[in-house]
Protein chains: 2
Amino acid sequence: MATTGKPVSAEIEALSAVLGTDASKLLDPTVAKAWIALLTAYGRVTRALSSELMDSSGMSLADFDVMAQLVRSEEYRLRMSELADAALISKSGLTRRIDRLAVNGWVTRRRCTEDGRVHWATLTPLGLRAFKGAAPGHLAAVADRFGSALPASEMERLTRDLLKIAAKNAEPINS
Amino acid sequence: MATTGKPVSAEIEALSAVLGTDASKLLDPTVAKAWIALLTAYGRVTRALSSELMDSSGMSLADFDVMAQLVRSEEYRLRMSELADAALISKSGLTRRIDRLAVNGWVTRRRCTEDGRVHWATLTPLGLRAFKGAAPGHLAAVADRFGSALPASEMERLTRDLLKIAAKNAEPINS
DNA sequence: TTGCAATAGTTGCACTTGCAATCAATTCGG
DNA sequence: CCGAATTGATTGCAAGTGCAACTATTGCAA
């Protein structure tokens with residue numbers, strides 16, 4: 001869904017007829033339905049949020065995520081690698097994303113004086129202002145498109161379940 | 001976040017300090033946590049599944065999804081537009097994906113004799129064989145990375161919740 | 001009929017992505 | 001100290017993506 005970007009979709013159902021009678025042994029139909037539901041929910045919500053954010057603030061979802069990481073960091077700065085891990089993107093992807101954010105004047109990149117291999121990505125005052133301008137609308141959109149679908153207690157249960165799934169798949173992006 | 005493809009990540013927490021005291025009015029912390037959990041779970045699982053599928057079968061997750069749609073269709077074929085909607089990708093994206101699948105000999109594209117505007121994408125016997133080869137491993141991977149995290153009853157609840165979220169955001173991809 | 005609107009797909013374009021190779025700086029073993 | 005291994009980040013490359021503009025075909029109205 002690239003969000004834009006990355007492809008988001010899938011269907012696994014009804015493969016039994018093709019694969020043979022034991023397809024449900026490979027993937028429990030209950031699990032298949034849940035998996036499709038996850039892909040569908042994710043795809044629809046992110047697609048909508050992405051275009052709303054781009055229209056209102058000229059910022060991609062990935063831009064927002066990176067800037068959000070910096071906002072919550074000490075002195076509004078992070079090493080490139082730390083930032084890549086935090087934002088769940090590859091190192092090369094981050095390099096180029098920071099290039100673009102730097103062109104906007106939202107982030108600066110400076111070599112670390114103590115260790116010349118390290119580069120700090122730092123949110124600028126202009127970037128902070130852009131983020132402050134974008135965040136309320138984006139957060140409201142998340143509340144509307146995602147948050148309003150379930151009551152709070154159910155939302156907490158959803159969180160616990162999703163975190164269990166995430167925990168089962170904990171591997172760093174940048175091997 | 002994705003599969004290749006799409007950026008998958010985010011953090012919304014801890015914005016109150018930056019946005020002012022009322023950030024939690026914009027987005028309930030409960031919702032924020034759930035949203036981050038969704039992005040994280042989706043990103044990690046799809047990333048892993050994507051590379052496993054590519055390694056084992058030379059097929060992207062998007063390829064698999066498109067072929068799965070054809071497998072479950074009448075006569076293994078679908079119109080381009082139907083297929084794009086079903087696979088949740090744009091029309092142009094599908095055009096090029098079918099190009100690539102056709103190069104592999106997995107799908108053919110033929111103009112419809114009754115309505116010259118329509119083109120049928122049809123899974124070939126070779127494509128069906130490739131799909132049959134890929135599906136067991138992929139389904140097992142879904143079962144392992146996603147399905148094994150929760151008991152069945154909880155999985156059903158998760159499905160219901162996710163479908164509610166999806167329903168709140170039901171809009172066709174191709175406007 | 002004829003000509004305009006609607007529909008189905010494809011293409012031009014600008015961008016984004018990740019992997020592998022590479023460059024640069026630091027650290028560590030001898 | 002010095003060269004090899006390690007670590008941090010950037011770049012070449014080959015994809016993949018969506019939007020908007022375009023082509024082709026059909027339908028419909030006068």
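Letters A, B, ... mirror the listed sequences (proteins, then strands); counts begin at 1. The figures that follow rest on heavy atoms only: side chains count, while hydrogens, waters and symmetry mates do not.
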For dG3(D), the Watson-Crick or wobble counterpart (both distances under 3.5 Å):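 Across all strands, the one nucleotide that pairs with dG3(D) is dC28(C).
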
Which listed nucleotide ([options]) is nearest to the side chain of [X]?
X: His119(A); options: dT17(D), dG9(C), dT10(D); value: dT10(D)
X: Ser81(B); options: dG9(C), dG18(D), dA9(D); value: dG9(C)
X: Ala62(B); options: dT16(C), dG9(C), dT17(D); value: dT17(D)

Interatomic distance, [X] [atom1] vs [N] [atom2] [rounded to whole Å]:
X: Arg79(B); N: dG9(C); atom1: CZ; atom2: C1'; value: 12 Å
X: Arg97(B); N: dT11(C); atom1: CZ; atom2: C1'; value: 17 Å
X: Ile98(B); N: dG9(C); atom1: CD1; atom2: C1'; value: 12 Å
X: Asp99(A); N: dA9(D); atom1: CG; atom2: P; value: 14 Å
X: Arg96(B); N: dC13(C); atom1: CZ; atom2: P; value: 12 Å
X: Leu94(B); N: dC19(D); atom1: CG; atom2: C1'; value: 16 Å
X: Asp55(A); N: dC19(D); atom1: CG; atom2: C1'; value: 12 Å
X: Met54(B); N: dG16(D); atom1: CE; atom2: C1'; value: 11 Å

Where the side chain of Asp65(B) meets the backbone of Ala62(B), is there a donor-acceptor pair that is under 3.5 Å apart?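 Judged by distance alone, no pair lies under 3.5 Å.
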
Hphob cluster co-occupancy, Leu38(A) + Leu150(B), side-chain heavy atoms under 4.5 angstrom: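 Per the 4.5 Å side-chain linkage, Leu38(A) and Leu150(B) are co-clustered.
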
Is there a continuous path of hydrophobic side-chain contacts, each under 4.5 Å between heavy atoms, that joins Met67(A) to Leu128(A)?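 Yes, Met67(A) connects to Leu128(A) through the hydrophobic network.
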
For dC15(C), does OP1 or OP2 lie under 4.0 Å from any side-chain N or O of Arg100(A)?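 No, because none of the side-chain N or O atoms of Arg100(A) sits under 4.0 Å from OP1 or OP2 of dC15(C).
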
Just N and O in the side chain of Arg47(A): are any of them under 4.0 Å from OP1 or OP2 of dG18(D)?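 For dG18(D), OP1/OP2 do have a side-chain N/O of Arg47(A) under 4.0 Å.
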
Parallel, tilted or perpendicular: which describes the rings of Trp35(A) and Phe146(B), with under 30° parallel and over 60° perpendicular?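 Plane angle between 30° and 60°, so tilted.
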
Check the pair Lys91(A) / Met80(A) against side chain to side chain contact (heavy atoms under 4.5 Å, CB included), numbers first and verdict last. CA-CA 8 Å; Lys91(A) 286 187 302 178; Met80(A) 294 297 282; over 6 Å; no

Between Thr95(A) and Gly93(B), name the one whose nearest nucleotide on DNA chain D is closer to the 5' end.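 Nearest nucleotide further toward 5': that of Thr95(A).
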
What residues in residues 108-118 of chain A put a non-hydrogen atom under 4.0 Å from any atom of DNA chain D?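 Those residues whose heavy atoms fall under 4.0 Å from DNA chain D, taken from residues 108-118 of chain A in numerical order, are Arg109(A), Arg117(A), Val118(A).
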
Within residues 99-112 of chain A or reaching into it, pairs that qualify as salt bridge (Lys or Arg N to Asp or Glu O under 4.0 Å) - sequence neighbours excluded: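 Those involving residues 99-112 of chain A are Asp99(A)-Arg109(A).
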
base_contact_polar (dC19(D) base, Ser92(B) side chain, donor-acceptor, <3.5 Å):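 Counting by modelled atom types and ignoring angles, a donor-acceptor contact under 3.5 Å is found here.
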
Distance-only polar pair, side chains of Ser148(A) and Lys168(B), donor-acceptor under 3.5 Å: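 There is such a pair between these side chains.
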
